[in-house]
Number of protein chains: 2
Amino acid sequence: MEDQSKHRDPEAMAHCPVALSLDVVGTRSTLIIVREAFFGTRRFGDFAERVGIGEAATAARLKDLVASGLMEKVPYQEPGQRKRYEYQLTDKGLGLFHAIMSLRDWGETWLSGSRVTPWRFAHRDCGAEVHTVARCTAGHDVHLDEFTAVRQTERPTAAPDTHN
Amino acid sequence: MEDQSKHRDPEAMAHCPVALSLDVVGTRSTLIIVREAFFGTRRFGDFAERVGIGEAATAARLKDLVASGLMEKVPYQEPGQRKRYEYQLTDKGLGLFHAIMSLRDWGETWLSGSRVTPWRFAHRDCGAEVHTVARCTAGHDVHLDEFTAVRQTERPTAAPDTHN
DNA sequence: CGGCTGACTTTGCTGTGTCATAGCCAGGGC
DNA sequence: GCCCTGGCTATGACACAGCAAAGTCAGCCG
């Protein structure tokens, strides 16, 4: 039955970076917390409030994010207050910028209808809005109908790839 | 109107395209099925086998994907077989290309260690590997430290706070 | 006709994410 | 010393994704 390892390669699946990523940021609230962090939210209470999940869920997600290295707890102290901790994105967390922008672009294009996005990303130098695009290492822009998916196992299932 | 640091706007949250997107593709298996579809997988059994979730979950996810317009059932018939249906990505589903590639890039950079990715996307014309980059509408490449996040909570003129 | 195959559906159970509510704790202010 | 606030932690309930195993169903094939 599952003898046909050519057909099914659990190892390959486990190695798939998309699946690996989704193991870390695969839940709705996790990604929304990261998105909030991109907008400068840093404190526990603000996350809980703005993300719209309860405090228990917020604490659990933030703990996960710190554990997986996307955010870190940084001490801060306001005058007349005791020392507390705020949550900041690490470089690893910042690396999700493209993914979050891509999801935003997709949602804006296909889901939001005529509604106006309540926030946007701007290029710091020129102020113009930022989007994701696909580009090949040779420097060409790659449109949706200009790519080929290549499985690097010996399985030529996918795109009409005659690998020659 | 409100102090931004203490601002809770469920409307704005609901309008957030990232959250909207995650309502549709917010589960691990949904996005992995879409990823599989990018590699040419079309038949029910192949999805179940390659995605690594059971048939019941596969059927449920595919049904969701068809319902939300990311995939469509297309009849096909192999010689000596009866008519069946295969699942194809619609334009809406294809639009997730950037998001999936961004997640792949991130997973590859931060999670996969030294392991080799079992598949890749190539530019059809030149064969070079494809990645996502951020670009502003003025045409500049935008690096991770060159963007500004702007909350548009003040509801710009195009969208008064009432949905009339 | 009856078996086989691909594509599901159904059933029963588990695990996880979330909620609501309540409680705990550290430390500055009174 | 006690209260108050921000930042969690604890508890019980619930919804839903997931699994495994079994059942359904259409139609080609022998």
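Chain A is the first sequence line, chain B the second, and so forth, proteins listed ahead of strands; every chain is numbered from 1. Source: prediction; values computed, not measured.
Rounded to whole Å, atom P of D/dT5 lies 17 Å from atom CG of A/D46. Nucleotide C/dA7 holds its P atom 13 Å from the CE atom of B/M71, rounded to whole Å. Between the P atom of D/dG6 and the NZ atom of A/K73 lies a distance of 17 Å, rounded to the nearest Å. Taking atom CD on A/E55 and atom C1' on C/dG17, their separation rounds to 17 Å, with Å as the unit. The distance between atom CD of B/E49 and atom P of C/dA7, rounded to the nearest whole Å, is 11 Å. B/I53 places its CD1 atom 13 Å from the P atom of C/dC8, with the value rounded to the nearest Å. Remark: P of C/dG6 and CG of B/L62 are 17 Å apart, rounded to the nearest angstrom. Taking atom OH on A/Y85 and atom P on D/dT5, their separation rounds to 23 Å, with Å as the unit.
Using a 4.0 Å heavy-atom distance criterion, B/R43 is classed as a sugar-phosphate-only contact. Within 4.0 Å of B/A56, counting heavy atoms only, lies at least one base atom of the nucleic acid. Among the heavy atoms of the strands lying under 4.0 Å from B/R61 are primed sugar atoms or P, OP1, OP2 only; no base atom is included. As judged by a 4.0 angstrom heavy-atom cut-off over every strand, A/T58 is placed among residues making no nucleic acid contact. Residue B/F47 is classed as having no contact, given no heavy-atom separation below 4.0 Å to the nucleic acid.
Not a single donor-acceptor contact under 3.5 angstrom links the side-chain atoms of B/R84 to the base of C/dA7.
In this structure a side-chain-to-backbone donor-acceptor pair under 3.5 Å is present from A/T58 to A/G54. Between the side chain of A/W106 and the backbone N or O of B/P17, no donor-acceptor pair lies under 3.5 Å.
Residues B/Y76 and B/L65 do not share a hydrophobic cluster, defined by chaining ILVMFWY side chains whose heavy atoms lie under 4.5 Å apart.
Nearest-nucleotide mapping onto DNA chain C: of B/K63 and A/T30, the residue sitting toward the 5' end is B/K63. Closest-nucleotide positions on DNA chain D for A/F44 and B/T27 were compared, and the one nearer the 5' end corresponds to A/F44. The residue among B/D64 and B/R82 whose nearest nucleotide of DNA chain D is located toward the 5' end is B/D64.
Between A/F39 and A/W119, the ring planes are perpendicular. Angles over 60° get that label, and only those under 30° would be called parallel.
Contact between the side-chain N/O atoms of B/S29 and the OP1/OP2 oxygens of D/dA17 is not found at any separation under 4.0 Å. Not one side-chain nitrogen or oxygen of A/Y76 sits closer than 4.0 Å to the OP1 or OP2 atom of D/dG6.
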Can you list the steps and then say if A/T132 with B/T132 is a side chain to side chain donor-acceptor pair (under 3.5 Å)? CA-CA 6 Å; A/T132 51; B/T132 50; over 6 Å; no

